[in-house]
Amino acid sequence: VFGKDINLILVLNNLSSDRKSVRVDMSASTILYTRRAVAEILKAATSVELGPKQGKHIRVKIPYTHYGKYLTTDKRIQVTALCEVMRAHGLKLLVEKTIILEDTNIIIKLPRRVVVNRAVTLEISYANPLPEPVSRCVLLVTLMNQQVKINLARLAPRERSKIYFEFTPRRAGPLQLQVDFSCDKFSHVKGFVTIAVAPA
């Protein structure tokens, strides 16, 4: 989840009946959706001894403090591990994983029934998932082809807050509501909901 430390486990298994020495070079970078690297956030190397038919786990931690300021709006991190079996004539194995960090910031609560030409109040809950305060918080609400910009108070670390948004639907049928939350430390955290508007 965005704002939390990332914990990974690399599993190495020796399927042979011989002892193996493996050198593991690990790296991680924030990337765009095109897979183009933005910034390297981790570089580490270790060696592992594997007995016959033995498996071992290598734990890797990427703290938020290492990746936070380098993350793009795509919220993607590419992790690679190059595993080289020593004294095996250059036998290498490359393991890659792309992590897409989830947002859990926006929660939209609707009333049980929404009726055309009757005022509706929605509850929009938003959060700061980071271990540091954020300021210049803005919610952009898009509904019925109109945008409403709402300036919000600063949020303390891990703080959740909410606002109430009132509108009157003018026609029956499905209605798309989009919420976009931005602040000085991150931007474009989105929430969507489809509202079923009943006839009067």
Side-chain angles (χ1 to χ4, degrees), residues 1-11 26-46 57-81 95-111 120-143 146-167 176-195:
V1 176
F2 173 59
K4 301 280 181 71
D5 294 349
I6 299 168
N7 292 290
L8 304 170
I9 297 175
L10 175 67
V11 181
M26 299 200 68
S27 65
S29 298
T30 56
I31 60 169
L32 300 173
Y33 74 95
T34 57
R35 292 174 58 95
R36 186 169 73 81
V38 176
E40 188 173 69
I41 54 173
L42 172 79
K43 198 164 186 63
T46 187
H57 292 184
I58 299 174
R59 296 184 182 276
V60 181
K61 183 176 181 177
I62 307 174
Y64 165 75
T65 50
H66 286 196
Y67 74 79
K69 62 184 175 184
Y70 301 113
L71 209 58
T72 70
T73 53
D74 296 324
K75 295 184 176 61
R76 291 171 186 253
I77 293 174
Q78 178 87 25
V79 182
T80 61
V95 180
E96 285 189 329
K97 182 170 181 63
T98 300
I99 300 165
I100 302 173
L101 299 176
E102 292 178 16
D103 286 321
T104 54
N105 290 9
I106 304 287
I107 299 170
I108 303 165
K109 289 186 181 173
L110 304 171
V120 181
T121 301
L122 307 176
E123 182 186 289
I124 301 173
S125 168
Y126 54 95
N128 171 16
L130 307 184
E132 56 190 329
V134 296
S135 57
R136 298 199 298 277
C137 302
V138 175
L139 266 185
L140 195 63
V141 181
T142 306
L143 181 68
Q146 292 187 320
Q147 284 192 333
V148 179
K149 182 179 177 182
I150 305 166
N151 293 310
L152 307 166
R154 70 196 299 272
L155 291 172
R158 314 278 188 216
E159 183 184 0
R160 180 168 283 281
S161 190
K162 59 189 170 187
I163 63 161
Y164 294 93
F165 183 79
E166 187 178 287
F167 74 99
Q176 279 277 336
L177 172 80
Q178 178 181 313
V179 178
D180 188 310
F181 178 52
S182 294
C183 65
D184 63 331
K185 299 284 194 321
F186 56 85
S187 60
H188 305 304
V189 174
K190 296 182 188 296
F192 301 89
V193 72
T194 301
I195 304 167

pair Lys190-Ile106: side-chain heavy atoms closer than 4.5 Å
no
What is the distance from atom CG of Leu42 to atom CD of Gln78, rounded to the nearest 0.5 Å?
12.5 Å
Got Ile77 and Leu71 here, is their nearest side-chain heavy-atom distance under 4.5 Å?
yes
Point-to-point distance, once rounded to the nearest 0.5 Å, from CD1 of Ile58 to CG of Leu8
12.0 Å
So which heavy atom on Pro63 is nearest to which on Asp5, and how close?
CA-OD1, 3.3 Å
Which value, rounded to the nearest 0.5 Å, describes the distance between Phe186 atom CZ and Asp184 atom CG?
8.5 Å
Heavy-atom check, side chain of Leu101 versus side chain of Tyr67, under 4.5 Å:
yes
Going from CD1 on Ile124 to CD1 on Ile107, what distance comes out if it is rounded to the nearest 0.5 angstrom?
12.0 Å
Closest approach of Ile150 to Ile163 (non-hydrogen atoms, all atoms of both residues):
CD1-CD1, 3.6 Å
Can you tell if the side chain of Leu122 reaches within under 4.5 Å of the side chain of Leu177, non-hydrogen atoms only?
yes
Interatomic distance, CZ@Arg158 vs CG@Leu130, rounded to 0.5 Å, equals 7.0 Å
For Val138, does its backbone N or O pair with a side-chain atom of Asn151 as donor and acceptor, under 3.5 Å?
no
Is the count of non-hydrogen atoms from other residues, nucleotides or ligands lying under 6.0 Å from Gln146 atom CD greater than 12?
no
Minimal non-hydrogen separation, Cys183 against Ser135, with atom names
CB-O, 3.4 Å
Taking every non-hydrogen atom, the tightest pair across Lys162 and Ser125
CB-CA, 3.9 Å
Can you confirm whether Arg35 is buried at CZ, in the sense that more than 12 heavy atoms of other residues, nucleotides or ligands lie under 6.0 Å from that atom?
no
Can you name the nearest heavy-atom pair linking Tyr70 to His66, along with the distance?
CD1-O, 3.4 Å
Check: Leu152 and Leu139 side chains under 4.5 Å, non-hydrogen atoms:
yes
Do you know the tightest heavy-atom contact between Ser182 and His188?
OG-N, 3.0 Å
Side chain to side chain contact (heavy atoms under 4.5 Å, CB included), that's the test. Do Val79 and Ile99 meet it? Break it down for me.
CA-CA 8 Å; Val79 182; Ile99 300 165; 3.8 Å; yes
Parallel, tilted or perpendicular: rings of Phe181 and Tyr126 (30°, 60°)
tilted
Would you please say whether a donor-acceptor pair under 3.5 Å links the side chains of Arg76 and Thr98?
no
Working for side chain to side chain contact (heavy atoms under 4.5 Å, CB included), residues Lys75 and Val189:
CA-CA 10 Å; Lys75 295 184 176 61; Val189 174; 4.2 Å; yes
How many angstroms lie between NZ in Lys185 and CG in Asn128, if you round to the nearest 0.5 Å?
8.5 Å
